[in-house]
Amino acid sequence: KAGVTQTPRYLIKTRGQQVTLSCSPISGHRSVSWYQQTPGQGLQFLFEYFSETQRNKGNFPGRFSGRQFSNSRSEMNVSTLELGDSALYLCASSLGGGEGQPQHFGDGTRLSIL
Amino acid sequence: AQSVTQPDIHITVSEGASLELRCNYSYGATPYLFWYVQSPGQGLQLLLKYFSGDTLVQGIKGFEAEFKRSQSSFNLRKPSVHWSDAAEYFCAVGARNAGNMLTFGGGTRLMVKP
């Protein structure tokens with residue numbers, strides 16, 4: 001069974017640009033969450049989608065947005081990029097709509113802002 | 001809101017020695033508790049989880065963790081460490097009625113001496 005797939009693996013952008021990251025969950029998984037990982041702030045929750053609806057949202061500015069498609073694939077978008085957005089962005093999927101379910105993580109997209 | 005503290009940023013143990021990684025959480029009820037491991041350049045892999053019931057949980061790779069409500073702790077243990085266990089370990093808390101959102105501790109980097 002294929003794991004969580006994130007594309008691209010690496011991305012370099014400049015300040016002010018926008019970026020879209022993609023996540024394909026494990027087949028059959030319907031919940032997708034996104035996390036930002038930085039050396040200074042650690043792992044921080046961005047948002048969770050289930051059945052194409054945002055179910056939870058972390059404490060990030062509105063420049064960070066996401067969506068989920070009917071096939072459970074998810075994208076996150078960051079607009080007006082800032083230097084501080086440089087991070088590893090991790091996507092995680094879990095099976096259903098319950099709570100506290102184990103999440104399976106992808107290898108992440110490393111975003112560098114110049 | 002819940003929070004997680006991993007008091008040890010770095011730990012070095014000799015191969016074959018026992019290991020205990022500490023995790024303390026703050027949450028008003030019994031949380032969902034997880035331990036994840038991250039190798040360089042990769043995503044997070046779930047080691048074990050606690051939802052309810054038996055307070056000693058077994059995980060993969062020979063790891064176990066014990067939930068102690070009175071101490072708000074969920075320490076990870078392994079009786080004999082292997083060189084391949086060198087990685088970063090994260091404790092995470094999921095709140096009730098919060099979907100699959102996780103709050104992570106700052107992580108403990110484990111180094112293994114030959």
Side-chain angles (χ1 to χ4, degrees), chain A residues 3-7 9-10 21 23-26 29-51 53-60 66 68 72 74 88-110, chain B residues 1-10 23 25 27-53 57-60 63 65 67 74 87-109:
Chain A
V4 177
T5 303
Q6 292 188 245
T7 56
R9 286 296 311 275
Y10 303 93
L21 311 182
C23 172
S24 293
I26 292 173
H29 283 197
R30 297 169 61 201
S31 168
V32 173
S33 298
W34 289 88
Y35 293 84
Q36 181 196 65
Q37 185 176 26
T38 60
Q41 299 298 317
L43 279 153
Q44 294 185 286
F45 172 79
L46 280 155
F47 25 66
E48 178 193 5
Y49 286 87
F50 175 73
S51 292
T53 301
Q54 188 180 88
R55 185 157 72 160
N56 288 294
K57 188 178 191 308
N59 190 25
F60 278 82
Q68 186 180 34
S72 295
S74 178
L88 180 67
Y89 289 89
L90 292 165
C91 168
S93 74
S94 53
L95 190 58
E99 59 183 31
Q101 296 187 5
Q103 295 183 58
H104 302 265
F105 283 79
D107 286 339
T109 293
R110 183 160 302 276
Chain B
Q2 64 272 23
S3 65
V4 183
T5 301
Q6 293 180 245
D8 304 305
I9 298 175
H10 293 100
C23 172
Y25 68 90
Y27 182 62
T30 300
Y32 303 109
L33 294 162
F34 304 85
W35 274 99
Y36 284 88
V37 61
Q38 185 178 35
S39 297
Q42 297 188 2
L44 282 72
Q45 180 183 23
L46 178 67
L47 289 174
L48 46 78
K49 60 186 185 293
Y50 172 79
F51 285 1
S52 63
V57 294
Q58 302 296 320
I60 63 171
F63 286 94
F67 169 58
F74 188 57
E88 189 151 22
Y89 291 79
F90 293 93
C91 180
V93 164
R96 306 282 165 167
N97 301 312
N100 294 312
M101 181 178 71
L102 294 178
T103 299
F104 283 89
T108 297
R109 183 167 295 281

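Numbers restart at 1 for each chain; the letters A, B, ... are given by sequence-line order, proteins then strands. Computed from heavy atoms alone, side chains included, the values below leave out hydrogens, waters and symmetry copies.
- Among all heavy-atom pairs drawn from A:Y89 and A:L46, the shortest one is CD2-CD1, 3.9 Å.
- The number of heavy atoms from other shown groups lying within 6.0 Å of CD1 (B:I60) is above 12.
- Proximity to chain B (any heavy atom under 4.5 Å) is restricted, for A:L88, to the side chain, taken from C-beta onward.
- Using a 4.5 Å cut-off between heavy atoms, A:F47 makes no contact with chain B at all.
- In terms of non-hydrogen atom pairs under 4.5 Å with chain A, the most contact-rich of B:G43, B:G105, B:A92 is B:G43.
- Residue contact with chain B, scored on non-hydrogen atoms closer than 4.5 Å, involves the side chain of A:L90 exclusively.
- Annotation: cation-pi pair A:R110/A:Y10 absent, no NZ/CZ under 6.0 Å from the ring centroid and within 45° of its normal.
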Is there a side chain to side chain donor-acceptor pair (under 3.5 Å) between B:T108 and B:D8 once you walk through the steps?
-> CA-CA 6 Å; B:T108 297; B:D8 304 305; 5.6 Å; no
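- If you measure heavy-atom distances from A:E48 to chain B, the contacts under 4.5 Å come from the side chain alone.
- Using a 4.5 Å cut-off between heavy atoms, B:Q45 makes no contact with chain A at all.
- For the set A:C91, A:S94, A:G42, the count of heavy-atom pairs under 4.5 angstrom toward chain B peaks at A:S94.
- The ring pair (Phe, Tyr, Trp, His ring centres under 6.0 Å) test with B:Y50 singles out one residue from B:Y32, B:F34, B:F67, and that residue is B:F67.
- Residues B:V93 and B:P31 come closest through the heavy atom pair CG1-CB, 3.7 Å.
- Proximity to chain B (any heavy atom under 4.5 Å) is restricted, for A:Q37, to the side chain, taken from C-beta onward.
- Residue B:L46 touches chain A through its side chain alone, counting heavy-atom pairs closer than 4.5 Å.
- Taking the six-membered ring where the residue is Trp, B:F104 and B:Y36 present tilted rings, their angle falling between 30° and 60°.
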